[in-house]
Amino acid sequence: ASLGWSRKKRRAGDSPRWRTTPMRASRRESPYEVLGVSPSASAQDIKRAYRKLALKYHPDVNKEANAQEKFMRIKHAYNTLMNSESQFKYGNQSADFSRTAERSRSAPDEEFYGFGEFLR
Amino acid sequence: MPLWVPVRSQVAPAACLSPSPEAPRALSLFSSSSVFPLPNSQCLVWRTDLLVISSFRMAEQPYMVASDSETTGDDKSQSAFHDLAIGIEVGTSKCSIAVWNGAQVELLRNTRKQKAMRSYVMFKDDTSTGEVPSGGASNKTAYEEKEILSGSAIFNMKRLIGRADTDPIVHASKNLPFVVQTLDIGVKPFIAALVNNVWRSTTPEEVLAIFLVELKTMAEVQLKRPIRNVVLTIPVSFNRFQQIRVERACTMAGLHVLRLMPEPTAVALLYAQQQQQQQQSLHGSMGSGCEKVALIFNMGAGYCDVATTATAGGVSQIKAMQGCTLGGEDILKNVLYHLLPNFDSLYSNRDMNKIRSMGLLRIAAQDAIHRLSTQSSVQINVDLGDGTKMQRVLHQSEFEEVNRNVFEICEKLIKLCLADSKLAAEDINDVILVGGCSRIPKIRSLVLGLCKKEKEYEGMDALEAAVTGAALEGAVASGITDPSGSLDMLTIQATPLSLGIRVHGGGFVPIIQRNTAIPARKSMIFTTTQDGQTEALIVVYEGEGKMVEENHLMGYFKVTAIPLAPKGTAEISVCMDIDAANTLRVFAGAMMLGTDRANSPFFEVRMPTLDDAHGWCAQALVKTHGSALDLTTIPKELQPQKVQ
């Protein structure tokens, strides 16, 4: 499985993944999937799921080599959902993720450019 | 990064070469991981001195590790308890150490039973031990404030470290009793302490290192184990240069920095723990979802920080941070100039008598400020020793008037922080006031007023919160777990300053915006400004200014092998990465035309790469290369993330 560039991998001589695809994410994955919540989840549920995953995967507490990549993916999913959530809250009637996500991507908030897959 | 060459400091030479039979014994004691025998107090005095020496002899080795390898500390830290990182807060004025003792955080005390130790290093000739300076944590005799202000001690290291001699804070430090000289050319200031009527030079890092050695020794003796890993708190406003200097001082002292933690984020971690415990006792369940938002205001002797945090289930997410170099020192200076308007001319001549009277005035003013926290007016009676006596009353209203600028800056910081975190006063559940200056009535009312709160959060010691949080982070980041769940917590840090690069015309384009949660990684595409441009300079800055000269230059490198193309068509990708240990790496390279593939291997550079005189480098680059290697932004809609 490809987990992007963890430092160990680069040391071992693998070609760094960011080189070719840092900003062009391969596959759009559902942020709901990453956080393990249903698309009808409330902001509260999303926050709770994010915090639970953070306690498990944040590199401060998880010493595995790919913890950082995993956490960044969780963070990205969370930010994407919270962005669309706040747009919804402020009058945008579309709760459909795929459309709100296009907009939130141009916002200078928390963009992330994915690498391969994880949390399958 | 250039290798650091250990300074032949006045700390080491004479004593290192001394044929004292104890020296090798102390050395082996120090380097072995064996448990320290707890010596009787008489014995401790010389052993402390020898430990200072031996650790300086060893300074070279650990530094090579920190500088050359890319290890961030995560690789090395194991769950073993003996590796547990301790928390240290080196304040401008006071300092403290804390450690997770298996059940809770405990603050260590020195032999004088103090938890808050004065931060200073005394330089004195001592015929029996050579020339060993000693600091406020020392087991030796306590120096009185009068002696600390005699010119023989260096203090306020935290205000001086990592600053150039053009910095206004360095200039403001010239009214301290020891010597601070500036040549205004953008290099390290010259600082010196008075030893045997001679001004002997040192550096802020060296002073901090000596002080840290004392703290380390003290902790080792008490905890009966060698200490290596530390979590050190720093002000929010510390740029990466200042952080590197602090890390370097730690390395000189034989300490490995696991994390440098902005002070309010350490407080936020303690808050997260307290909230978690409270909710558990109320509901008996883990991670219940009640989110609490707190504003943390921290003002000590040297720095003022504001942060907002959203906390639930033991996880504290930092929403925004603001900080600046503003603290008790500035308040003291305002009061001194108010009491003695001709302060500068009076003390321009640095003879012993002047230094002594300046010290006495400083003590009297400090004391008056402290008393004004509980009184509406105070009487100042001080004999300055040179025939002048000062007898006057200082009213609180007067005090507040002369410090108006200080309060205005505090107010601005809080407003900025609230705006950055997109919070209104009504969204805040708790206001946490920490640091010595948070005891000033005007500051309390100002912070509470802006947050529309009647009362501040209770249950935190204003002077111990940051170091307690650092010790908690030390335990969490060392991989310690607690069966009762009291270590199941986390602070998700944010970057206090934006990071970006210079573009054509001297503009600054941030790639990672301030208050981005870390670890973080972002990239942007730039393009050429010349037809057929094959090389481009990537000049990395940290800061909030729109133009690069307002920000801190972190380093630069050249991207080569840009495919031949008309200006504005080639694509250069610049990616910035900050890991959990806050290490910054910049990746950059040219793309093949019209593809998303690299044209040749990218460059990876760990920043900062610069040391001193970074202002010169930026000027030299422009002088030598003009705009030939400049980059510019591409329209936002052409940034690839939009395209996909």
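Chain identifiers are assigned alphabetically (A, B, ...) following the order of the sequence lines, protein sequences preceding nucleic acid strands; residue numbering begins at 1 within each chain. Values in this document were obtained by computation on a predicted structure and should not be read as measured data.
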CD (A:Glu64) with more than 12 external heavy atoms under 6.0 Å: no

field: A:Lys63 side chain vs B:Ser478 backbone, donor-acceptor pair below 3.5 Å
entry: no

Any donor-acceptor pair under 3.5 Å from A:Lys75 side chain to B:Ala517 backbone: yes

- prompt: Which bit of B:Thr311 is near chain A, if near means a heavy-atom gap under 4.5 Å: side chain, backbone, both or neither?
  reply: backbone

Just how far is it from atom [atom1] of [X] to atom [atom2] of [Y], taken to the nearest 0.5 Å?
X        : Y        : atom1 : atom2 : answer
A:Asp60  : B:Gln493 : CG    : CD    : 7.5 Å
A:Arg51  : B:Glu291 : CZ    : CD    : 4.5 Å
B:Leu490 : A:Phe71  : CG    : CZ    : 7.0 Å
B:Lys522 : A:Met72  : NZ    : CE    : 11.5 Å
A:Gln68  : B:Ile518 : CD    : CD1   : 9.5 Å

- request: Looking only at non-hydrogen atoms, find the nearest pair between A:His58 and B:Pro519 and report the distance.
  value: NE2-CD, 4.1 Å

